[in-house]
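Indexing begins at 1, ligand by ligand and atom by atom, following the structure's order. In this text, all values refer to a predicted model and were calculated from it rather than measured experimentally.
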Amino acid sequence: MPLAISPMASASSFRQLPPFLAALLCAIAMATTSSAATVPAAGRRGPIGTNGKNYTKVCDPARFASLGLDMSRFRYCDASLPYGDRVRDLVGQLTLDEKVSNLGDRADGAPRVGLPHYRWWGEALHGVSDVGPWGTWFGDVVPGATSFPLVITTAASFNETLWRSVGAAVSTEIRAMYNLGHAELTYWSPNINVVRDPRWGRASETPGEDPFLVGRYAVNFVRGMQDIVVSGAGDGHSGEDPFSRPIKVSSCCKHFTAYDVDAWFDADRLTFDAEVQERDMVETFERPFEMCIREGDASCVMCSYNRVNGVPACADARLLSETVRNQWQLHGYIVSDCDSVRVMVRDAKWLNFTGVEATAASMKAGLDLDCGMFWEGVKDFFTTYGVDAVRQGKIKEADVDNALANVYTTLMRLGFFDGMPEFESLGAKDVCSEDHMELAADAARQGMVLLKNDAKRLPLDPKRINSVSLVGLLQHINATDVMLGDYRGTPCRVVTPYNAIRKMVNSTNVHACDNGACDTAGGLGRAAKTAKISDATIVIAGLNMSVEKESNDREDLLLPWNQTSWINAVAEASPYPIVLVIMSAGGVDVSFAQNNSKIGAIVWAGYPGEEGGTAIADVLFGKHNPGGRLPLTWYKNEYVNQIPMTSMALRPDAALGYPGRTYKFYSGPSVLYPFGHGLSYTTFTYTSTTTTGATVTIPIAAWEHCKLLTYKPGAAPSPSPACPALNVASHRCDESVSFAVTVRNSGGVAGDHVVPVYTSPPAEVGDAPIKQLVAFRRVFVPAGGAVEVPFTLNVCKDLAIVEETAYTVVPSGASTVIVGDDGLALSFKVTIHLAV
Ligand SMILES: *[C@@H]1O[C@H](CO)[C@@H](O)[C@H](O)[C@H]1NC(C)=O
Ligand SMILES: *[C@@H]1O[C@H](CO)[C@@H](O)[C@H](O)[C@H]1NC(C)=O
Ligand SMILES: *[C@@H]1O[C@H](CO)[C@@H](O)[C@H](O)[C@H]1NC(C)=O
Ligand SMILES: *[C@@H]1O[C@H](CO)[C@@H](O)[C@H](O)[C@H]1NC(C)=O
Ligand SMILES: *[C@@H]1O[C@H](CO)[C@@H](O)[C@H](O)[C@H]1NC(C)=O
Ligand SMILES: *[C@@H]1O[C@H](CO)[C@@H](O)[C@H](O)[C@H]1NC(C)=O
Ligand SMILES: *[C@@H]1O[C@H](CO)[C@@H](O)[C@H](O)[C@H]1NC(C)=O
Ligand SMILES: *[C@@H]1O[C@H](CO)[C@@H](O)[C@H](O)[C@H]1NC(C)=O
């Protein structure tokens, strides 16, 4: 994909070298120059209509007049009526053919009644993207948009305010682009599937392996994208009719559900049938979606390609209608992943369905809109087969009406028909603004994770370090592409690690290991020589999208392309312990580096987006004290031999020899860095006066039925408790436990610190998570200072477990609350007494 990158000093300095020298030692000592930014000219307003649009709202009398229509004759444009009435009028005006032509992502509209076409497909995973046909595009007045770090990096900040701010900045850029005719208003982000397996190719797109963390990311990102006024709190509804609540941009929780196998050996997402137990559905796969809908009030859910227990997710009435729409109360529309309906026929060959049958089954299950590509001359299935499905009596025309009502209500809420004055002044100056680029840099800084720092190798002191050597593949050193990851747009600019690092020191020596330049004895010798001539050596290594990407799962967790061998050689040659920076989404088995005392420090930079170089340099040279934490477990490579990627179960399975998945269930020896790991340049200590433990007595009312608990073999209490466990679904759930932790910064520098809170059920309970994240807070603590961090845990939400029966229950007995990670931990008991 072509990138609009400004000319950078680094580019020309590399280019001046003869090509054969480019891969060899190039000692480049240059004066610092600031890298220029290609920011779209401020305030320029492009002609409306650059994507075929010459209007900013549908219900404009002049627009109707230009179509030869009198707007006052169309009740759907009467702003004094409730949305429900207007949508009914609009749908009622349409013929069956017109209706069906609007059930696909490329909706035709109905010029006869003044309804314009609409491109539903938008992507904004980590900034406005132009992936998807025609809806969003870059060029002329909007050459690019802010490219934030990939989600896995932003998630590593554990900072909910940041997640909300990123969502709000992205939706501001979308609104600005919409005003300029460069974008639509519906975006299929965020991706909130949990990273159940470390090999999953799409880890970069997600907030990691923990369902609660993923859910909180979803709630905040969606609130940032959708809410007109983004406030720090308020995850509920404010009393207004949720089907009329105005939204800034429509955000979509995807991919529902149990989707996290892309392409792994013979397994392919298009044909994969995820065998999932109901307990894992409730506890892991559905939880982020439930939070995204209930607490984030997302206006869209996307169903996934795979089948779940035999039934395609997009044709499963129990998942779509019963769970998403009825139980969780979705206020919005359900869209298919692109081609999910076709996939039932073409790939999964489900029930030997025809196109008409797949269309009917999906729509009846609750799917409203079909995203589909052109394939063998056939576009999406709904618009292709919808009319026949009605004519053949496989669905009612009222089913079509209902689907359209869901999609048009969403467009009404977006102001597509009436405009949205709050955002009409946004223009080119609001895309790639200094504020947004700084937010992108801040997100990358907050997401940097310090994995190892022996003998305080980091930060490098710029006052004492005159020269650094940079060794690695150019794609990582001079990263104009790798840092942007998938679902990118065109970035405003890219600040590479090389560009940012060389601003910190007087001279930078680069040795590029491309094209085998470090794989021979001679090449290694030259790499080693580079390390010898500087005051510090930084190796930037890692993965790229050929290793981990959508439709491309990993087979191992190792560093590819022989990087390990030359990293070790460079470390061996360097007079000082080297610094290793890893770019990746999933965990990489860097035990060789963790073990090697000549590798003094390891930083995980994730895929840090367009400002990534700045963030990396700020961390390496101490302008920012890293506070990020791993949002997923980093396993040693041997883990991949212990369990196939296609096994969906989270718990260990003794019969099959599977060890369990994620920090919640894996207790084996193959962890390199645990979930939540992340060091700092300073040291923190915890104290608490309120953590001596608590007992909560919960009276069980007459209508409540106690549930049984699974106990560890031989651990069942005797006599067995009168009420072993409380069924959360039948309880009012207003019991809570409050405590506060004082975080003291006992080191010499200010820093951010993430306080995680986990709970674990009573020791006798069997088959339960080892611990589970229930709260977290990132705080800033000045050097020598202290901050008190209060928490209130709701007993039903935070001390509950999901039983084998798939009931969510609070076990009686002494649960443990654990505060902290990495050996810095406080814990106390909360004893639950269920009184019958
Ligand atoms: C480094 O990146 C720039 C873009 O910033 C590119 O033009 C240049 O060719 C790259 N250098 C090398 C040697 O690949
Ligand atoms: C808008 O464009 C359409 C064609 O796409 C044209 O028929 C119509 O006259 C234009 N309306 C205005 C107000 O310029
Ligand atoms: C699908 O059709 C094939 C070939 O006609 C047949 O063998 C198979 O049993 C059918 N499968 C189902 C689920 O009906
Ligand atoms: C960098 O170069 C300047 C000018 O030559 C010099 O004054 C300064 O001390 C150097 N910095 C370091 C860290 O050596
Ligand atoms: C990796 O590097 C070593 C030298 O360290 C070399 O012997 C080997 O051939 C290289 N392997 C590949 C696959 O390039
Ligand atoms: C990833 O890096 C490898 C090794 O340098 C290279 O062959 C491949 O083209 C890169 N892939 C992408 C998507 O950049
Ligand atoms: C790391 O060190 C341990 C203990 O010294 C050793 O058993 C292990 O093989 C080493 N691993 C690597 C990858 O060097
Ligand atoms: C969290 O992110 C927000 C928004 O970027 C930032 O202002 C705040 O300082 C961050 N909090 C901490 C403790 O780093």
Check each atom of ligand 8 against the heavy atoms of F780 and keep those under 4.0 Å away; list them by number with element.
13 (C)
Got the closest protein heavy atom to atom 5 (O) of ligand 3, with its distance?
N352 ND2, 4.5 Å
Going by the angle between their ring planes, with limits at 30° and 60°, are F381 and Y385 parallel, tilted or perpendicular?
perpendicular
Are there protein heavy-atom neighbours of atom 9 (O) of ligand 8 below 4.0 Å?
no
Please confirm whether S165 comes within less than 3.5 Å of ligand 8 when only nitrogen or oxygen atoms on both sides are compared.
no
So is D442 polar-close to ligand 8, meaning N/O to N/O under 3.5 Å?
yes
Should L451 and L580 count as side-chain neighbours, where that means a heavy-atom distance under 4.5 Å?
no
Is it true that R223 and E295 make a salt bridge, defined as a side-chain N closer than 4.0 Å to a carboxylate O?
no
State, yes or no, whether a side-chain contact exists between W264 and D262 at a heavy-atom distance under 4.5 Å.
no
Under 4.5 Å between any side-chain heavy atoms of T154 and L162, yes or no?
yes
In this structure, are over 12 heavy atoms from other groups packed under 6.0 Å from R744 atom CZ?
no
Which residue and heavy atom of the protein sit nearest atom 1 (C) of ligand 8, plus the separation
N159 ND2, 1.5 Å
I need the atoms of ligand 6 closer than 4.0 Å to a non-hydrogen atom of S546, numbered in the order shown.
1 (C), 8 (C), 10 (C), 11 (N), 12 (C), 13 (C)
Using the side chain to side chain donor-acceptor pair (under 3.5 Å) rule, take T530 and S469 through it: C-alpha gap first, then chi angles, then the decisive distance, then the call.
CA-CA 6 Å; T530 321; S469 291; 5.7 Å; no
Tell me: protein heavy atom nearest atom 2 (O) of ligand 6, and distance?
N544 ND2, 2.4 Å
Within a reach of under 6.0 Å around CD of E550, are more than 12 heavy atoms found that belong to other residues, nucleotides or ligands?
yes
Heavy-atom distances under 4.0 Å are what count here, so tell me which part of D752 touches ligand 8: side chain, backbone, both or neither.
side chain
At what distance is the nearest protein heavy atom to atom 6 (C) of ligand 8, and which residue and atom is it?
Q446 NE2, 4.0 Å
Is atom 14 (O) of ligand 3 less than 4.0 angstrom from some protein heavy atom?
yes
Can you find an N/O atom of Q475 closer than 3.5 Å to an N/O atom of ligand 6?
yes
